Amino acid sequence: MKRLAACVALLALLGAAPAVAQPAQKIIFDTDFAFAPQDDAMALFFVLNSPELELLGITTVAGNKSMNVATADVLKTLELTNRTEIPVYRGAAGPWMHEGTEWDRKGHGGWWSNDPAPAPPGGFATRKTAEPRGAIDFLVETVAKYPGQVTILAIGPLTNVAMAMRMDTTFARNVKQLVIMGGAVAALPDGGGNHTPNAEFNIYVDPEAAQVVLRSGIPIVLSPLNVSRKARFTKEWYDRIVAVDTPITRIIKERMGQGFAQRPGRTPLMYDQVAAVTLVDPTLMKTVEYYVDVDVNPGPSYGTTVGAAQPWPGGERATKMLVQTDLDFERFITLYVERVTRQGK
Ligand code: RIB
Ligand code: CA
């Protein structure tokens, strides 16, 4: 016994003490999900196979598609990947406050709609259903149960998070951290929008919710288009994934194989995957401390994130957060592919 203690002391002195296992980070995955190859699904594959993360639940929100589609697709994905133990909660079916425009209702594939979802590829899930409790209740109750311990990975419009803040005024102070895929910061390189000249999609579709969340005081890591544009998935990495056979890689092969066969040079951006990988290894991303706010004034800049190193006149409510600007792509994609090709549980 004495010898063991002496040995540990010596190792500690040499800086080689046995690693103490860290408890897994509690996370909630808040998503405008759609079936693979869409980026929310590709981000979920990473999270499902990362033992550093304890996935407490998935909350769905309207964005890429309607909330009903997001829910049906995520249920099917969990069933196909044999992860039916993870609870799924239905969230907001439209933006928090603003009135629907023609574009909202018709121009973007019916994302703002309560119509029943069409069947996901392979048909609806048969063994997995959404929880009876809604996403906002789940967010509020879970954060209250684990104060200061829950990180929310928010990779869709921020409607659910804003509604949880309004439902429980202690919510914001009890969230450990928010990692958000959203926004584009024009003052930094590669900062144009992808939906309007300066607005990014997730923020544009619910700017009022985004403003409330960005101003909340919750510690935020923002993963904007500036960094997404440096993370392009290529056929080389697709080939490495599908060389391994697992339930996850089978879905990727079925859903991306034809696209890469027809157009091997395509390079889809890995928006939500960058935010997900940040949870496991934030050292892969370069960040700056920036003040960021959201423009909610109707007009040409509606839904734009504005950021700067210092507050500016008119931007006094901008809040300091970590903004990702770049990443070490080789290390990022190596970690991503290693996780996605794991045999899983
Ligand atoms: O602008 C990219 C973001 O919008 C991604 O999160 C994508 O999934 C969509 O939600
Ligand atoms: Ca998304």
Side-chain angles (χ1 to χ4, degrees), residues 27-47 58-74 77 88 91-96 103-104 107-113 135 152-162 178-186 188 190-207 209-210 213-214 220-233 255-256 267-279 285 292 294 302-305 307 323-324 327 336:
I27 71 154
I28 296 175
F29 189 94
D30 186 62
T31 174
D32 57 339
F33 200 86
F35 207 79
Q38 200 247 336
D39 58 334
D40 294 65
M42 300 295 279
L44 181 63
F45 296 148
F46 176 86
V47 168
I58 298 175
T59 50
T60 56
V61 66
N64 280 306
K65 302 272 175 72
S66 72
M67 187 275 295
N68 285 337
V69 172
T71 307
D73 284 9
V74 80
T77 300
V88 174
W96 190 29
W103 176 84
D104 288 321
H108 183 64
W111 69 282
W112 187 343
S113 151
I152 302 171
L153 176 66
I155 53 176
L158 290 162
T159 322
N160 289 341
V161 183
L178 259 171
V179 177
I180 297 172
M181 189 289 127
V185 180
L188 294 167
D190 287 326
N194 63 355
H195 193 73
T196 73
N198 281 326
E200 180 277 332
F201 178 82
N202 285 341
I203 304 295
Y204 177 85
V205 301
D206 199 346
V213 173
L214 262 56
I220 291 177
V221 178
L222 191 70
S223 187
L225 293 178
N226 308 68
V227 67
S228 322
R229 291 189 169 114
K230 281 124 185 168
R232 290 183 175 277
F233 191 62
R255 302 292 299 167
M256 295 187 102
T267 57
L269 293 180
M270 302 177 76
Y271 310 99
D272 294 343
Q273 297 94 315
V274 174
V277 172
T278 301
L279 299 172
M285 290 78 188
V292 183
V294 179
Y302 185 61
T304 297
T305 42
V323 176
Q324 296 180 337
L327 83 174
Y336 177 80

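Ligands are counted one by one from 1 in listed order, and the atoms in each one are counted from 1 as well. Residues: numbered from 1 along the sequence shown. This structure is a prediction, so every number in the text was calculated from the model and none was measured.
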Going by the angle between their ring planes, with limits at 30° and 60°, are Y336 and F46 parallel, tilted or perpendicular?
->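 Parallel.
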
Should you measure from each heavy atom of [X], which atoms of ligand 1 turn up under 4.0 Å away?
{"X": "Q38", "answer": "8 (O)"}
{"X": "M181", "answer": "2 (C), 3 (C), 5 (C), 6 (O)"}
{"X": "D32", "answer": "9 (C), 10 (O)"}
{"X": "N64", "answer": "7 (C), 8 (O), 9 (C), 10 (O)"}

Do S66 and S113 have side-chain atoms, one donor and one acceptor, less than 3.5 Å apart?
->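 No, no side-chain donor-acceptor contact under 3.5 Å.
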
Heavy-atom distance under 4.5 Å between the side chains of [X] and [Y], does that happen here?
{"X": "D272", "Y": "M42", "answer": "no"}
{"X": "F233", "Y": "Q273", "answer": "no"}
{"X": "I203", "Y": "H195", "answer": "no"}

Which residue owns the protein heavy atom closest to [atom], what's the atom, and how far is it?
{"atom": "atom 4 (O) of ligand 1", "value": "N202 OD1, 3.1 Å"}
{"atom": "atom 1 (O) of ligand 1", "value": "E200 OE2, 2.4 Å"}
{"atom": "atom 6 (O) of ligand 1", "value": "D272 OD1, 2.6 Å"}

Using the side chain to side chain contact (heavy atoms under 4.5 Å, CB included) rule, take L269 and R232 through it: C-alpha gap first, then chi angles, then the decisive distance, then the call.
-> CA-CA 5 Å; L269 293 180; R232 290 183 175 277; 3.5 Å; yes

Looking only at non-hydrogen atoms, which of V274, L269, D39 approaches atom 5 (C) of ligand 1 most closely?
->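 It is D39 whose heavy atom sits nearest to atom 5 (C) of ligand 1.
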
Do any of the N/O/S atoms of G63, backbone or side chain, fall under 3.0 Å from the Ca ion (ligand 2)?
->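 No N, O or S atom of G63 is closer than 3.0 Å to the Ca ion (ligand 2), so no.
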
Indicate if the distance from the Ca ion (ligand 2) to the nearest N, O or S atom of D39 falls below 3.0 Å.
->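 Checking D39: none of its N, O or S atoms is under 3.0 Å.
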
Using only N, O or S atoms, tell me which atom of D32 is closest to the Ca ion (ligand 2).
->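 The Ca ion (ligand 2) is closest to the D32 atom OD1, counting only N, O or S.
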
[X] [atom1] to [Y] [atom2] distance, which is reported to the nearest 0.5 Å:
{"X": "M67", "Y": "T159", "atom1": "CE", "atom2": "OG1", "value": "11.0 Å"}
{"X": "I155", "Y": "D40", "atom1": "CD1", "atom2": "CG", "value": "4.0 Å"}
{"X": "M181", "Y": "L158", "atom1": "CE", "atom2": "CG", "value": "10.5 Å"}

May I ask you to check if ligand 1 and D40 share an N or O to N or O distance below 3.5 Å?
->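 So ligand 1 has an N or O lying under 3.5 Å from an N or O of D40.
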
Would you say I155 and ligand 1 have an N/O pair spaced under 3.5 Å apart?
->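 Between I155 and ligand 1 (N or O atoms, distance only) the closest approach is under 3.5 Å.
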
Mark the output for H195 as yes if a heavy-atom distance to ligand 1 is under 4.0 Å, and as no if none is.
->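 Outside the 4.0 Å threshold, so no.
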
Please note down the angle at the Ca ion (ligand 2) between OD2 of D272 and OD2 of D40, to the nearest 10°.
->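 Output for this angle: 80°, rounded to tens.
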
Between the main-chain N or O of N64 and the side-chain N or O of D32, is there a donor-acceptor pair closer than 3.5 Å?
->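 Side chain of D32 to backbone of N64: a pair is present.
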
